[in-house]
Asker: 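The following block contains the structure, expressed as C-alpha cells.
The model shown is predicted, which means the values in this text are computed figures rather than measured ones. For the single chain, residues carry numbers from 1 onward in sequence order.
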Amino acid sequence: MHDSFKKTIKKNLQQLNSELHFGSIRDLLLQDEVLTDKMIAEVEAISECKQNQKLVDLLMTRSDESFNKFRSILRKTKQGHLADILEVAGSSSADGADSAHREDDTARTQEQKLKEQERRLREDQEKLTKQEAMLREKDEKISEQQGRLCEQENRLTEQQG
C-alpha cells in the first residue's frame, strides 16, 4: 500500500476504530477481494471491540487497489463519512494515484449499476413474458366462453322458433 494511504489510515485510526461497522462490510470485503478468507477469520476470531483495529492492520498490508475498494465498500454500506475522511486526507498523494483510483472506483460503480440495471431489465422481461402468456390463456378462455354463449343462444333461438 502506498505510504500516503497508510498515513491517512493512521491519521484517522481512532475514528475508524470507533465508527467502523465490520459486520456490515464483511461480505463485501470478501467479494471484492479486499481481504482473504483467512484474514476475515482472523478478524472474527477476536473480540468485537478489537475487530476494527485488526481489520485496519490487515488492510494496511494490502494493495492500493484494496484500499480504494475498501473506501468504495464504506460508501456502499452507508459509512461514506469514513470513506470521505480517508479520501480527503489521501487525495494529496504526490503521484496522483488516489485520483486515478477514484476514477477506477467511479468506473466500477457505474459498471455495477449497469449490471444491476441489466439484471432488472431481464427480470422485467421475464415478468412481461409470463404476463403475456397469462393474457393469451385468458383470451383463449374468453373466446371459448363466447363460443359456448353463441351455441347456447342458437339453441334458445331454435327452441323458441
Asker: Does CD in Gln15 sit with more than 12 non-hydrogen atoms of other residues, nucleotides or ligands closer than 6.0 Å?
Answerer: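 It does: Gln15 CD has more than 12 such atoms within range.
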
Asker: Check step by step if side chain to side chain contact (heavy atoms under 4.5 Å, CB included) holds for Lys54 and Leu58.
Answerer: CA-CA 6 Å; Lys54 183 66 175 178; Leu58 290 170; 4.2 Å; yes

Asker: Strictly distance-based, threshold 3.5 Å: is any side-chain N or O of Thr129 a donor or acceptor partner for the main-chain N or O of Gln125?
Answerer: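 Flag set: sc Thr129 to bb Gln125 pair under 3.5 Å.
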
Asker: Can you tell me if Glu153 has over 12 outside heavy atoms packed within less than 6.0 Å of its CD?
Answerer: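 Atom CD in Glu153 is not packed in, count stays at 12 or less.
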
Asker: Taking side chain as C-beta onward, heavy atoms only, is Gln79 less than 4.5 Å from His21?
Answerer: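 The answer is yes, as the side chains (C-beta and beyond) meet within the 4.5 Å cut-off.
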
Asker: Does the side chain of Leu29 come within less than 4.5 Å of Leu55's, by heavy atoms?
Answerer: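 A side-chain contact exists here, since the closest heavy-atom pair is under 4.5 Å.
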
Asker: Within a strict 4.5 Å, meaning less than it, do heavy atoms of the Asp84 and Arg75 side chains meet?
Answerer: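 Yes - at least one pair of side-chain heavy atoms lies under 4.5 Å apart.
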
Asker: Give the minimum heavy-atom separation between Met39 and Thr61, together with the two atoms involved.
Answerer: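 It is CE-OG1, 4.1 Å.
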
Asker: Can you measure from CZ (Arg122) to CD (Gln117) and round to the nearest 0.5 angstrom?
Answerer: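 Arg122 CZ to Gln117 CD: 12.0 Å, rounded to 0.5 Å.
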
Asker: Can you confirm whether Gln14 is buried at CD, in the sense that more than 12 heavy atoms of other residues, nucleotides or ligands lie under 6.0 Å from that atom?
Answerer: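 No, not enclosed.
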
Asker: Supply the atom-to-atom distance Ser143 OG to Gln145 CD, rounded to the nearest 0.5 angstrom.
Answerer: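 Rounded to the nearest 0.5 Å, the OG-CD separation comes out at 9.5 Å.
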
Asker: Hey, which of Arg62, Lys76, Arg71 is the one that makes salt bridge (Lys or Arg N to Asp or Glu O under 4.0 Å) with Asp32?
Answerer: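 Only one option passes, and that is Lys76.
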
Asker: Can you measure from CG (Leu74) to CZ (Phe70) and round to the nearest 0.5 angstrom?
Answerer: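 Reported to 0.5 Å precision, the distance equals 4.0 Å.
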
Asker: With side chains defined as the heavy atoms from C-beta onward, is the minimum distance between Lys6 and His2 less than 4.5 Å?
Answerer: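 No, side chains not in contact.
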
Asker: Give, for atom CG of Leu30 and atom CD1 of Ile25, the distance between the pair rounded to the nearest 0.5 Å.
Answerer: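 It comes to 10.5 Å.
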
Asker: Start with the C-alpha distance between Lys141 and Glu137, add both sets of side-chain angles, then the distance that settles salt bridge (Lys or Arg N to Asp or Glu O under 4.0 Å), and finish with yes or no.
Answerer: CA-CA 6 Å; Lys141 287 180 182 179; Glu137 286 179 27; 5.3 Å; no

Asker: Is there a side-chain contact between Leu86 and Leu16 in this structure, where contact means two heavy atoms from C-beta onward sitting under 4.5 Å apart?
Answerer: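 Yes, close enough: below the 4.5 Å cut-off.
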
Asker: With sequence neighbours left out, write down each residue that passes side chain to side chain contact (heavy atoms under 4.5 Å, CB included) with Lys10, or none if nothing qualifies.
Answerer: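 Partners of Lys10 under the side chain to side chain contact (heavy atoms under 4.5 Å, CB included) test: Met60.
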
Asker: Rounded to the nearest 0.5 Å, what separates atom CG in Asn52 from atom NZ in Lys50?
Answerer: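 So the gap between those two atoms works out to 13.0 Å.
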
Asker: Would you list the pairs meeting salt bridge (Lys or Arg N to Asp or Glu O under 4.0 Å) in which at least one residue belongs to residues 123-133, sequence neighbours left out?
Answerer: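 Sorted result for residues 123-133: Arg119-Glu123.
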
Asker: So, the side chain of Asn17 versus the backbone of Gln53: is there a donor-acceptor pair under 3.5 Å, distance only?
Answerer: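 Yes: the side chain of Asn17 pairs with the backbone of Gln53.
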
Asker: Do Phe22 and Ile40 make a side-chain contact, defined as non-hydrogen atoms from C-beta onward lying under 4.5 Å apart?
Answerer: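 Answer yes - side chains close enough.
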
Asker: In the structure I gave you, are the side-chain heavy atoms of Leu82 and Leu20 within less than 4.5 Å of one another anywhere?
Answerer: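 Heavy-atom side-chain distance check passes, below 4.5 Å.
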
Asker: Report whether Val56 and Ile46 are members of the same hydrophobic cluster (ILVMFWY, side-chain heavy atoms less than 4.5 Å apart, transitive linking).
Answerer: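 In one cluster: no.
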
Asker: With heavy-atom distances below 4.5 Å as the criterion, would you say the side chains of His81 and Glu19 are in contact?
Answerer: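 Answer yes - side chains close enough.
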
Asker: Taking salt bridge (charged side-chain N to carboxylate O under 4.0 Å, His left out) as the test, write out the residues that go with Arg136, two or more places apart.
Answerer: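 Salt bridge (charged side-chain N to carboxylate O under 4.0 Å, His left out) list for Arg136, sorted by chain: empty.
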
Asker: From Asp64 CG over to Ser4 OG, what is the distance, rounded to the nearest 0.5 angstrom?
Answerer: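 These two atoms lie 7.0 Å from each other.
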
